[in-house]
Amino acid sequence: MLDIKFIRNNVELVTEALEKRNAKGDIDNFLKLDKSRRELIAKSEQLKKTRNEVSQEIGKLKRAKEDITHLTKEMKEVGQAIKKYDIELKDVEERLNEILLGIPNIPNEDVPVGQSEEDNREVRRWGKVRDFDFQAKAHWDLGEELGILDPKTAAKVTGTRFTFLRGLGARLERALVNFMLDLHTTEHGYKEVFPPYMVHRRSMLGTGQLPKFEEDAFKIQGSEYYMIPTAEVPVTNMYREEILDGEVLPIKHVAYSACFRAEAGSAGRDTRGLIRQHQFNKVELVKFTRPEDSYDELEKLTNSAEEVLKRLGLPYRVVVLCTGDLGFSSAKTYDIEVWMPSYDDYVEISSCSNFEEFQARRADIKYRPAKGEKAIYVHTLNGSGVAVGRTVAAIMENYQLADGSIEIPKVLVPYMGGIERITK
RNA sequence: GGAGAGAUGUCCGAGUUGGUUGAAGGAGCUGGUCUUGAAAACCAGUGAUACCGCAAGGUACCGGGGGUUCGAAUCCCUCUCUCUCCGCCA
C-alpha cells in the first residue's frame, strides 16, 4: 500500500509507475475521495468539539440543579449530524481503501522498464551447463522409472497437480529441506521459525496476496482461514502492528513450509512433473530492515539463495525483473533460475524481492530508529531459499546418468544417510 | 465442544451508582539535588499512538465492531484473544 499523502503529492509519478507496470489505478477517483474524506473529517470533528464542550457544561449545570433540557435537545441534533457525517466518512474511506489496496508498489528506479518476461535483464550466470553424451530425460520420466515420483496415485487420492514422493524421492525432498535450513541458520545468520500453514484474511491483506489475487489462494470453507501460498505470509505478519526496537534490525528469519497455490489461470502449462503443483515445499527467507539498508540486504538475501544452488552444483542465472513482470507488492525482484535440461532453458527456482515499506504499511510494522524518535515503517524483503520441489527436479535432470540413475550431489550425501545414487 | 474469569498507557495496576479520568498509584525512563564515584533517598519531567490542519489547535484511541445517552473505560449486543475447569485428541 502506498502512502495516501505520497499519492496526493506525486500524482504524475504514481501514474507513470502504474503505466510502466501495465497496471491500472483509479487515481482520479482516488483524488476526489481523498478530498471529500478530509472535508468530512473537518466537519465531523468540528461538531464533536462543540459536543464535548457542551456535554461538560451539562454535567456542571445538572449538578447545580439547573434546567438543561434546551441544551440536551440541541445536542441531540448535533449528535445526529455527527452520525450522518461519520457514516458518509466511513463509506468514503472504504472506497478509498479499496482503490489504495489495488494499487501496486512503485518499482525502484533501477528496475528495467519493460512489458513482459522477455524484457527481464540477466544479471549473472553461474555454473557450467552439462553436455549430455546420451539422451537426457525429463525428471517426470526419470521419476516414474525410478519409482520415486508418483503423480498417478496422487491423482487418485487427491487430484491433478499433486504428487506422491516415494522412497528415496521423499528422502531427497527431506534432505534438501534440512540442507537448506542448516545452511541459512548456521552460515547466513537466519533464525528458524516454523509457521502455521493457515492464516486469516488480515494476514493475506498484510503481505498483498489479497484482495487482488483471491482466486490464487485456497480458502478453507466455513472458516476465515486461507492455506498459505508461501511462508512469507505468516512470517512477515509475525510482527504485524508492532513497533520494533531499532537495535533488533535487521531481523532475519528462515522458514520451511509447504505452500498451497490454486492458480486457477495456469491450467495447461507445465502439466507434467514437479514444476507447477498445488502443493510444494519451500524454504523461505524473510527480512525486516531499516530503509537505508534494504537494497544491500536484498543483494545479500539473493546471494544466500544462490549459495544453495552453488553448493548443489546446479547451474543458474539471476535476472532482474522488468517493470511489467514485477510482482504486485515488490519494488525490485531478482529471480534465480536453475538450468532445467528438459526445458532446455532456465526455470525460476527463487524470487527475491524488496517490498520497501509497501507491506509494512499494510501490515503496520514500524521501528524506532533511536530512543525518543518517531516510529517509521521498516522495509520487508523475502526470497525463496529455495523452492524444494523444483530443486528435486533440477537435481534429477542435471545429475542423471546414462543408465537412468541419479547421482546425489556431494553436500547432500550426509543428509541422505550416505546414499550416493538413486537407482532402480 | 461445554462452564466460568478476564483484556486499561513502556510495564504492573486502580477505576462498574455514566460527567472535571487521557486516565489514580507504583515501576521504568529522562533531568536535577546529594556523593570522590555509584547505590539509596529526595525533587521535577514523561501518551515511544493515529488522523485533520499552514499554524494555533482539534479529533480519536482504556482488546475489535456496533448500540443506548446531551455525555461511556464505565450500561447493552457481538466478535476476537488469554486464563481456569470439564470433554476430546496427536
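Below, chain A is the first sequence line, B the second, and so on; all start at residue 1.
- Using atom C1' as the reference point in both B:rU30 and B:rU78, the two lie 44 Å apart (nearest Å).
- For B:rA73 and B:rC81, the P atoms lie 25 Å apart once the distance is rounded to whole Å.
- Side-chain contact check for A:Ser353 and A:Thr333: at least one donor-acceptor pair (N or O, by modelled atom type) lies under 3.5 Å.
- Summarising the base pairing, B:rC51 is matched to B:rG58 through a Watson-Crick or G-U wobble pair whose two defining distances lie under 3.5 Å.
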Contact letters for nucleotides 58-80 of chain B, in which S counts primed atoms plus P, OP1 and OP2 and B counts the base, heavy atoms under 4.0 Å = BBS-----S-S-BS---------

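- Taking atom C1' on both B:rC34 and B:rG9, the two are 32 Å apart, rounded to the nearest angstrom.
- The separation between A:Glu242 atom CD and B:rA50 atom C1' is 18 Å, rounded to whole Å.
- A distance of about 13 Å separates the P atoms of B:rC61 and B:rG67, rounded to the whole Å.
- Aromatic rings of A:Phe328 and A:Phe358 (six-membered ring for Trp) have centroids within the 6.0 Å cut-off, being under it.
- In this structure, the CG atom of A:Asn97 is 13 Å from the P atom of B:rC51, given to the nearest Å.
- For B:rU8 and B:rU16, the P atoms lie 16 Å apart once the distance is rounded to whole Å.
- Note that CG of A:Leu89 is 9.0 Å distant from CD of A:Glu45, once rounded to the nearest 0.5 Å.
- Remark: A:Arg38 is in phosphate contact with B:rG53, judged by side-chain N or O atoms under 4.0 Å from OP1 or OP2.
- Using a 30° and 60° split on the angle between ring planes, A:Phe194 and A:Tyr256 fall in the parallel class, below 30°.
- Applying the Watson-Crick and G-U wobble criteria (two distances, each under 3.5 Å), B:rU82 pairs with B:rA5.
- Searching all strands for a Watson-Crick or G-U wobble partner of B:rU33 with both distances below 3.5 Å returns B:rA41.
- Look at A:Lys366 and you'll find a side-chain N or O under 4.0 angstrom from OP1 or OP2 of B:rA50.
- More than 12 heavy-atom neighbours from other residues, nucleotides or ligands sit within 6.0 angstrom of CD on A:Glu241.
- Here the separation of B:rG1 from B:rU10, taken at their P atoms, is 33 Å to the nearest Å.
- B:rG26 and B:rU33: their P atoms are spaced 23 Å apart (whole Å).
- In terms of modelled atom types and a separation under 3.5 Å, the side chain of A:Asn22 and the main chain of A:Gln115 share a donor-acceptor contact.
- Applying the side chain to side chain contact (heavy atoms under 4.5 Å, CB included) criterion to A:Ala375, with sequence neighbours excluded, gives A:Ile243, A:Lys366, A:Arg368.
- Rounded to whole Å, the distance from CD1 on A:Ile365 to P on B:rU49 is 18 Å.
- Between the CD1 atom of A:Ile4 and the P atom of B:rG53 there is a distance of 11 Å, rounded to whole Å.
- B:rU21 and B:rA14 have their C1' atoms separated by 11 Å, with the value rounded to a whole Å.
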